[in-house]
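Per chain, numbering begins at 1; letters A, B, ... match sequence-line order. Fair warning: this is a prediction, and the values are worked out from it, not measured in the lab.
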Amino acid sequence: MIDPVLLRDRLEDVWARLLTRGAALDVSYETLVDLDRRRRQFIRQVEEQKHQQRLASDEIAALKRQGLDASHLFDANRGRSRHIKALEGELDLIEQARARQLLRIPNLPHASVPLGRTVEDNREVRRHGDPPALDFPPKAHWDLGPALGILDFERAARMSGTRFSVLMGDGARLERALINFMLDLHAREHGYTEVEPPFLVKGATLEGTGQLPKFEADLFRIADWDLFLVPTAEVPLTNLHRDEILDGRTLPLRYTAYTPCFRSEAGSHGADVRGLIRQHQFDKVELVKITAPDQSYDELESLTRDAERVLELLGLPYRTVLLCTGDLGFASSKTYDIEVWLPSQRLYREISSCSNTEAFQARRANIRFRRDGTGKAEFVHTLNGSGLAVGRTLVAVLENFQQRDGSVVIPDVLRPFMGGREIIEPPR
RNA sequence: GGAGGGAUGGCCGAGUGGCCGAUGGCGGCGGUCUUGAAAACCGCUGUACGGGGAACCGUACCGGGGGUUCGAAUCCCUCUCCCUCCGCCA
């Protein structure tokens, strides 16, 4: 949520910056101005009436203490109570409308974010590693995997429908190896605390990170419960400190977690229908940081580097892209996407998205801190990034390390997690 | 799923209808004393919203919501969470 005070005092500036995102805002400028005006008007009325009511009550109490009759004052105050109740009813409607609007306004892009409308306007900031020089036509993972007997889409579809998959044998083990490799790297070398959070969370939790109320259609909801399957570990990790006031001396907090992620992929019909790229369920290792405002952009750089390091150690070629205003996610002020090379598609494909949401999520989830443990409580900044999307990493490993005979060389750093194995070969 | 107990300020803990935003203690801040520190003593010590240039004033907040009442931390209903016991269960 954007700072409501900023929204009121500098609405024109804020609005102009929001429009650089390109997407149509489902909130109108005039409505916001009107709601704010009426809200203040009603607050003034209610408070004035309550003040009068309190004066009358004090008078009654004073008379009673003297043993005098005060019943002649009852009627006036009873009428006042009814009036207050009516005013409060109206004020409540206004407050609700205002809250609905505020929750649907996206975050403000940071000044360093390039202006633009589409992916074409994103800015490549670095590139690492060269695409492998294969002397044969590379196969797509959806051919490689099933041929190796480690990936099965047909059986998954029979059980669960489209956009699900089964990993078997070395495939399942490779997925687990990737998860353990990433978690160990971030927890032991990059200073993140490993967390295993709930995979189901309440609606209010998703509101804290910005998935609700606007993007309910992207989520899986548990029937008859106010519970949703997590679309990313960003949600439980960021909400870990919901409604807390943290000691500033403990910041930044760094968390990493492996979770399965569940997304309905509503509105993506026809996109990436084959393979592991876009599934209803996928594994991800997530990175989340909670920082003081003045350090959050430095922490975004290092978080992005932490995610890139996974690809470097695996030996996978990638590039890092700074998203333009038009490509920015709802909650983000600034985002780097990391894209891994996929030989079969001859292009770089998103494998991580690292964002600074500044105080946008902190305000929604009410996460604050006190500098030096004292003074006034301020909102923290929250950051998140994939470190990495495991399914897509598996795809990149299969495709980049495939050989002419359809076997796949296991990257060095994964071998300890694969019982020393060096290669995955097709069954004879 | 059933029965019972609980939720009060940064923390602990009083308060069962009216000078209660809430006694007291701890912690924190300032001061006296001291070469310095501790102890002791004194004072201060929440947040949000509204009004105002400001000093300041007002309103709300005792887990959430609703109700009773002229008036609710206090009475009633309801929800959430925590604890104890029973049942079930990996």
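Residue-level contact check: A/S81 touches the backbone only, with heavy atoms under 4.0 Å from sugar-phosphate atoms and none from bases. Within the nucleic acid shown, A/E48 has no heavy atom closer than 4.0 Å to any nucleic acid atom. When heavy atoms are screened at a 4.0 angstrom cut-off, A/L73 is found touching no nucleic acid atom at all. Here A/R8 lies in heavy-atom contact (under 4.0 Å) with sugar-phosphate atoms only. Counting any heavy atom pair closer than 4.0 Å across all strands shown, A/R65 reaches a base atom.
Checking B/G51, B/C70, B/C49 against every side-chain atom of A/R44, the shortest atom distance belongs to B/G51.
In this structure, the CG atom of A/D243 is 14 Å from the P atom of B/A48, given to the nearest Å. Distance A/F74 CZ to B/C70 P: 7 Å, rounded to the nearest Å. The distance between atom CG of A/D75 and atom C1' of B/U69, rounded to the nearest whole Å, is 14 Å. The interatomic distance linking A/L87 (CG) with B/G50 (C1') rounds to 15 Å, in whole Å. Atom CD of A/E244 and atom C1' of B/G10 are 13 Å apart (whole Å). Here B/A60 presents its P atom at 15 Å from CD of A/E95, a figure rounded to the nearest Å. Here the C1' atom of nucleotide B/U59 and the CD atom of A/E88 are 10 Å apart, to the nearest Å. Residue A/D58 contributes atom CG, which lies 12 Å from atom P of B/G58 at whole-angstrom precision.
In this structure, B/G18 forms a base pair with B/C70, meeting either the Watson-Crick or the G-U wobble geometry with both donor-acceptor distances under 3.5 Å. Base pairing of B/A54 is not made with any nucleotide, judged by Watson-Crick or G-U wobble geometry with both donor-acceptor distances under 3.5 Å. The base-pairing partner of B/C33, taking Watson-Crick or G-U wobble contacts with both distances under 3.5 Å, does not exist among the strands shown. With both pairing distances under 3.5 Å, B/C44 is matched to B/G28 as a Watson-Crick or G-U wobble pair. Within the shown strands, nothing qualifies as a pairing partner of B/C89 under the Watson-Crick or G-U definition with both distances less than 3.5 Å. Across all strands shown, B/C79 is found opposite B/G63 as a Watson-Crick or G-U wobble partner, with both distances under 3.5 Å.
Taking the P atoms as reference points, B/C26 lies 9 Å from B/C41, given to the whole Å. To the nearest whole angstrom, the two C1' atoms, one in B/G46 and one in B/A40, are 28 Å apart. Across the C1' atoms, B/A73 and B/G15 are found 8 Å apart, a figure rounded to whole Å. Remark: the separation of the C1' atoms in B/G13 and B/C62 is 13 Å, to the nearest Å. Spacing of C1' atoms, B/C20 relative to B/G9, comes out at 13 Å, to the nearest Å. B/A90 and B/C76: their P atoms are spaced 41 Å apart (whole Å). Separation of the C1' atoms belonging to B/C19 and B/A72 is 16 Å when rounded to the nearest angstrom. Straight-line distance between the C1' atoms of B/G4 and B/G43: roughly 47 Å, to the nearest whole Å.
At least one side-chain nitrogen or oxygen of A/R54 sits closer than 4.0 Å to the OP1 or OP2 atom of B/G21. Dashed line: the shortest gap from a side-chain N or O of A/R40 to OP1 or OP2 of B/G51 is under 4.0 Å. Put simply, A/H51 has a side-chain N or O that comes within less than 4.0 Å of OP1 or OP2 on B/U59. For A/Q53, a side-chain nitrogen or oxygen approaches OP1 or OP2 of B/G71 to under 4.0 Å.
Here A/D36 pairs with A/R40 in a salt bridge; the nearest charged N to carboxylate O distance falls below 4.0 Å. Salt-bridge annotation for A/E88 and A/K50: present, with a side-chain N of the basic residue lying under 4.0 Å from a carboxylate O of the acidic one. Between A/R364 and A/E207 no salt bridge is recorded (no basic side-chain N to carboxylate O distance below 4.0 Å). We find that A/R309 and A/E312 are not joined by a salt bridge, their nearest charged nitrogen and carboxylate oxygen being 4.0 Å or further apart. By the 4.0 Å N-to-carboxylate-O rule, A/R415 lies close enough to A/D412 to be salt-bridged with it.
Donor-acceptor pairing under 3.5 Å is recorded for the side chains of A/Y297 and A/E358.
The 12-atom threshold is not exceeded at CZ of A/R123, counting heavy atoms of other residues, nucleotides or ligands nearer than 6.0 Å. When the shell of 6.0 Å around CZ of A/R10 is examined, it contains 12 or fewer heavy atoms from other residues, nucleotides or ligands.
In terms of position along RNA chain B, the nucleotide closest to A/I245 lies nearer the 5' end than the nucleotide closest to the other residue of the pair A/I245 and A/I60. Where A/R98 and A/K50 meet RNA chain B, the nucleotide closest to each residue was compared, and A/R98 sits on the side nearer the 5' end.
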